[in-house]
Number of protein chains: 2
Amino acid sequence: MIRNSEATQSRLLMAAKGQFAANGYERTTVRDIAAEAGVNVALINRYFGSKEELFAQAVAIDLEFPDLSDVNKGEIGERLVRHFYTRWEGNYADDLLRVLVRTAATNATAADKIMKILNGQIVPLVTKLTGEAGAQHRASLVATQILGLAYCRYILNLGDDYLDPPDTVAAIAETLQRYLFAPAT
Amino acid sequence: MIRNSEATQSRLLMAAKGQFAANGYERTTVRDIAAEAGVNVALINRYFGSKEELFAQAVAIDLEFPDLSDVNKGEIGERLVRHFYTRWEGNYADDLLRVLVRTAATNATAADKIMKILNGQIVPLVTKLTGEAGAQHRASLVATQILGLAYCRYILNLGDDYLDPPDTVAAIAETLQRYLFAPAT
DNA sequence: CTCATGTGTAAACACGCATTGACATAACGG
DNA sequence: CCGTTATGTCAATGCGTGTTTACACATGAG
């Protein structure tokens with residue numbers, strides 16, 4: 001038996017993200033996670049203390065939000081959708097956004113994390129693009145559309161027959177563009 | 001002690017919807033539901049058989065989708081948003097949509113129910129408005145936006161400081177209008 | 001009044017879960 | 001090779017859960 005604490009911790013983290021993303025926080029058991037990682041259950045407590053802390057670490061990594069500082073204003077909407085859309089085309093089972101959207105429904109830690117992303121990344125981005133005034137409103141509108149898209153893909157599992165990729169990207173890009181730049185009412 | 005099985009069943013159903021909406025399926029215990037209803041736990045099994053069946057009944061009632069057959073085409077988007085928006089302004093703790101959006105994340109029954117609403121109510125509505133072609137795509141886009149709005153209100157608890165009611169209604173109404181009627185690409 | 005039935009209560013059961021502690025074994029410097 | 005430390009295993013514990021069982025009480029017809 002090869003022994004390497006770093007590797008097993010990493011395997012546990014990956015397995016945790018996958019399980020949490022697929023089944024939510026309550027439905028995934030530490031036994032499932034350990035089984036998928038191929039290690040003993042007790043190691044979760046040894047290395048992470050508790051299931052809750054393992055979960056916290058699983059959602060601790062930053063969402064790699066795209067850098068849009070040098071993008072043409074007219075293309076920002078499309079870049080944003082495409083960024084999220086391509087993530088699940090590559091079907092990352094352990095994608096952080098996937099974990100968050102599913103688990104936030106029953107776990108305050110995950111909901112807080114989404115709020116942190118909204119306040120810490122989306123609002124500042126919008127502020128830089130359009131100025132202070134109304135940035136929080138605009139950012140929230142953007143959040144409703146992106147999270148709704150994620151919800152339909154991750155939780156309802158709407159496939160391409162429902163959300164045809166090119167059409168969907170185009171339609172939602174235009175929406176985001178309007179939420180970002182449309183003159184205030 | 002007054003004894004009335006109909007009344008207690010009804011109280012259990014209301015309490016169940018409230019608890020499921022607030023905490024999701026796994027986190028709400030039958031004991032919590034019974035306590036809120038002010039009745040004994042065992043009555044849940046007597047009257048509903050199991051927690052799962054109680055839940056099924058809690059989400060069995062139909063969503064009162066507005067009748068839009070006689071509404072001006074230009075106002076349908078606004079009517080749609082306003083219909084959902086006014087529900088939570090009256091803060092119905094046991095609102096069905098609220099229950100569904102939260103529980104679908106971890107409960108297949110709820111996710112199926114949302115799919116039934118999408119396929120059985122939204123798609124037909126769109127079909128009637130714009131014809132067969134592309135109705136499923138358009139309806140799905142509408143779903144992403146409405147569910148995203150519900151997600152932000154119900155799960156993230158974004159208040160009026162994030163989603164200012166009049167602006168939000170206007171912005172999203174325009175989006176739905178476009179998803180419904182914009183010419184196909 | 002009385003008894004059968006509908007309704008409510010309390011305790012106990014069975015199960016799955018996260019967590020823990022005692023023990024085994026690999027890794028590795030001396 | 002030895003002994004210490006890091007890493008992994010196993011069984012047991014305690015708790016919370018949904019469910020069931022046995023019992024108590026109200027209700028209303030005969």
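A note on names: the letters A, B, ... follow the listed sequences, proteins ahead of strands, and every chain is numbered from 1.
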Taking ring pair (Phe, Tyr, Trp, His ring centres under 6.0 Å) as the definition, give me every residue that meets it alongside [X], ordered by chain and number, with sequence neighbours left out.
| X | answer |
| --- | --- |
| Y151(B) | Y151(A) |
| Y47(A) | none |
| F48(B) | none |
| Y162(B) | none |

**OP:** With sequence neighbours left out, write down each residue that passes side-chain contact (heavy atoms from CB on, under 4.5 Å) with D32(A), or none if nothing qualifies.
**Re:** Q19(A), T29(A)
**OP:** Go through the structure and list residues passing side-chain contact (heavy atoms from CB on, under 4.5 Å) with E52(B), not counting sequence neighbours.
**Re:** Y25(B), S50(B), F55(B), N107(B), T109(B)
Subject >> salt bridge (charged side-chain N to carboxylate O under 4.0 Å, His left out): pairs with one or both residues in residues 5-26 of chain A, sequence neighbours excluded >> reply: E26(A)-R27(B)
Original post:
Which pairs with one or both residues in residues 153-164 of chain B pass salt bridge (charged side-chain N to carboxylate O under 4.0 Å, His left out), sequence neighbours excluded?
Top reply: E89(B)-R153(B), R153(B)-D160(B)
Subject >> Steps toward side-chain hydrogen bond (donor to acceptor under 3.5 Å, both in side chains) verdict (T144(B), Q145(A)) >> reply: CA-CA 7 Å; T144(B) 66; Q145(A) 180 57 91; 3.1 Å; yes
Subject >> Span of DNA chain C, from the first to the last nucleotide whose atoms fall under 4.0 Å of chain B heavy atoms >> reply: dG6(C) to dA12(C)
**OP:** Give me the residues of residues 4-28 of chain B where at least one heavy atom lies under 4.0 Å from an atom of DNA chain C, by number, or none.
**Re:** N4(B), S5(B), T8(B)
**OP:** Tell me what Y47(A) touches on the nucleic acid: a base, only sugar-phosphate, or nothing, going by heavy atoms under 4.0 Å.
**Re:** sugar-phosphate
**OP:** If a pair satisfies side-chain hydrogen bond (donor to acceptor under 3.5 Å, both in side chains) and one of its residues is in residues 70-80 of chain A, list it, with sequence neighbours excluded.
**Re:** E78(A)-R82(A)
**OP:** Starting at atom CG of L43(B), determine the distance to atom P of dG18(D), rounded to an integer number of angstrom.
**Re:** 15 Å
Subject >> Nucleotide-resolved protein contact map, nucleotides 19-30 of chain D, B/S/- at heavy-atom distance under 4.0 Å >> reply: BB----BS----
